[in-house]
Amino acid sequence: MNGRWSGWGSLALVAFQVAGCSLLPGGEPTLDSALRARQLMVPVAGVSPDQVPDNFRAPRSGARLHGAVDIPAPRGTPVLSADDGRVLRLQRNRKGGLTIYATDESEHFIYYYAHLAAYCHGLAKDTRLVRGQVIGSVGTTGDAHRREPHLHFQVMVRPSDGRWWSGDAIDPRPYFTSAGRAKGKRTTRAARRDARSC
């Protein structure tokens, strides 16, 4: 079987699981219910769930599909932790620029934040995160178009082989339950001040 078709098979399996059809015996929670229980926050300050564009699986060069959502926002807008959990890795790479890999408390899911302008001061591997915590700011690092600042946000199922950066992507839009709001901040303006100090 060639790689293209095996990739489609993986996507079909994830789609089947996300649809709520558990493949697990004994009434264990489905992938869908486990992710719904996380009650994800939109990870960009001031953006509500209905404002997140439908660009998951959008075509990309080389016959690839976009396995994330790109959330446009002005440069410097605070990037927030979508969930409680911890940082797995801070990394700079050619495509994603400044990136953060994080996981939820149960370590079932991986959250990938890319194209950041900056990290917040003190953020490091194993930093504990709380939903709404300012972790960076929106930018155009990596291969993002310089005139289109946005957050590339991806949710992946954590694979059992330990290669957490290569899990199957899930469209996060159905799982966003609240607008991006910095923890403890009454206004987006206050969150922007925090993001400038990142």
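Just so you know, residue 1 is the first one in the sequence shown, and it goes up from there.
In terms of modelled atom types and a separation under 3.5 Å, the side chain of Thr99 and the main chain of Arg92 share no donor-acceptor contact.
For the side-chain contact (heavy atoms from CB on, under 4.5 Å) criterion with Tyr119, the lone passing option out of Ile100, Thr127, Ile135 is Ile100. Partner of Leu80 under the side-chain contact (heavy atoms from CB on, under 4.5 Å) criterion, out of Met41, Arg131, Gln133: Met41 alone.
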Show your working on side-chain contact (heavy atoms from CB on, under 4.5 Å) between Leu129 and Asp83 and close with a plain yes or no.
-> CA-CA 7 Å; Leu129 299 174; Asp83 194 2; over 6 Å; no

For salt bridge (Lys or Arg N to Asp or Glu O under 4.0 Å), just list the numbers for Asp143 and Lys95, CA-CA rounded to whole Å, side-chain angles, deciding distance to a tenth of an Å, and then say yes or no.
-> CA-CA 5 Å; Asp143 66 0; Lys95 287 188 174 183; 5.8 Å; no

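Here the CG-OG distance, from Asp161 to Ser166, works out to 5.5 Å after rounding to the nearest 0.5 Å. How far CZ of Arg128 is from OG of Ser81: 10.5 Å, rounded to the nearest 0.5 Å. The NZ atom of Lys125 sits 12.0 Å away from atom CD of Gln91, with the distance rounded to the nearest 0.5 Å. In this structure, CG on Asp104 lies 8.5 Å from CG on Leu35, to the nearest 0.5 angstrom. Once rounded to the nearest 0.5 Å, the distance linking CZ of Arg75 with CD of Glu148 reads 11.0 Å. Leu151 contributes atom CG, which lies 10.0 Å from atom OG1 of Thr77 (distance to the nearest 0.5 angstrom).
Taking both residues in full, the closest heavy atoms of Gln154 and Ala169 are given as NE2-CB, 3.6 Å, listed atom of the first, atom of the second, then distance. Here the closest heavy-atom approach between residue Ala82 and residue Phe153 is recorded as CB-CZ, 3.7 Å. His145 approaches Thr140 most closely through the heavy-atom pair O-CG2, 3.4 Å. Nearest approach of Pro172 to Val155, heavy atoms of both residues: CB-CG2, 3.7 Å. The two residues Ile71 and Pro53 make their nearest non-hydrogen contact at CA-CD, 4.4 Å. The nearest pair of heavy atoms linking Val79 to Tyr113 is CG1-CD2, 3.9 Å.
Contact check for Val52 versus Arg173: side-chain heavy atoms found under the 4.5 Å cut-off. Under the 4.5 Å side-chain criterion, counting only non-hydrogen atoms from C-beta, Tyr111 is not in contact with Thr103. Counting heavy atoms from C-beta outward, Arg158 and Leu88 have side chains that approach closer than 4.5 Å. Contact check for Arg36 versus Tyr175: side-chain heavy atoms found under the 4.5 Å cut-off. Proximity of Phe109 to Leu40: side-chain heavy atoms (C-beta onward) are nowhere separated by under 4.5 Å. Side-chain contact between Asp126 and Val87 is absent, with no heavy atoms from C-beta onward closer than 4.5 Å. Counting only heavy atoms from C-beta outward, the side chains of Glu105 and Arg38 approach each other to under 4.5 Å.
Between the side chains of Asp32 and Thr30, no donor-acceptor pair of N or O atoms lies under 3.5 Å.
Between Tyr112 and Tyr101, the two ring planes are tilted [angle within 30° to 60°].
When the shell of 6.0 Å around CZ of Arg94 is examined, it contains 12 or fewer heavy atoms from other residues, nucleotides or ligands.
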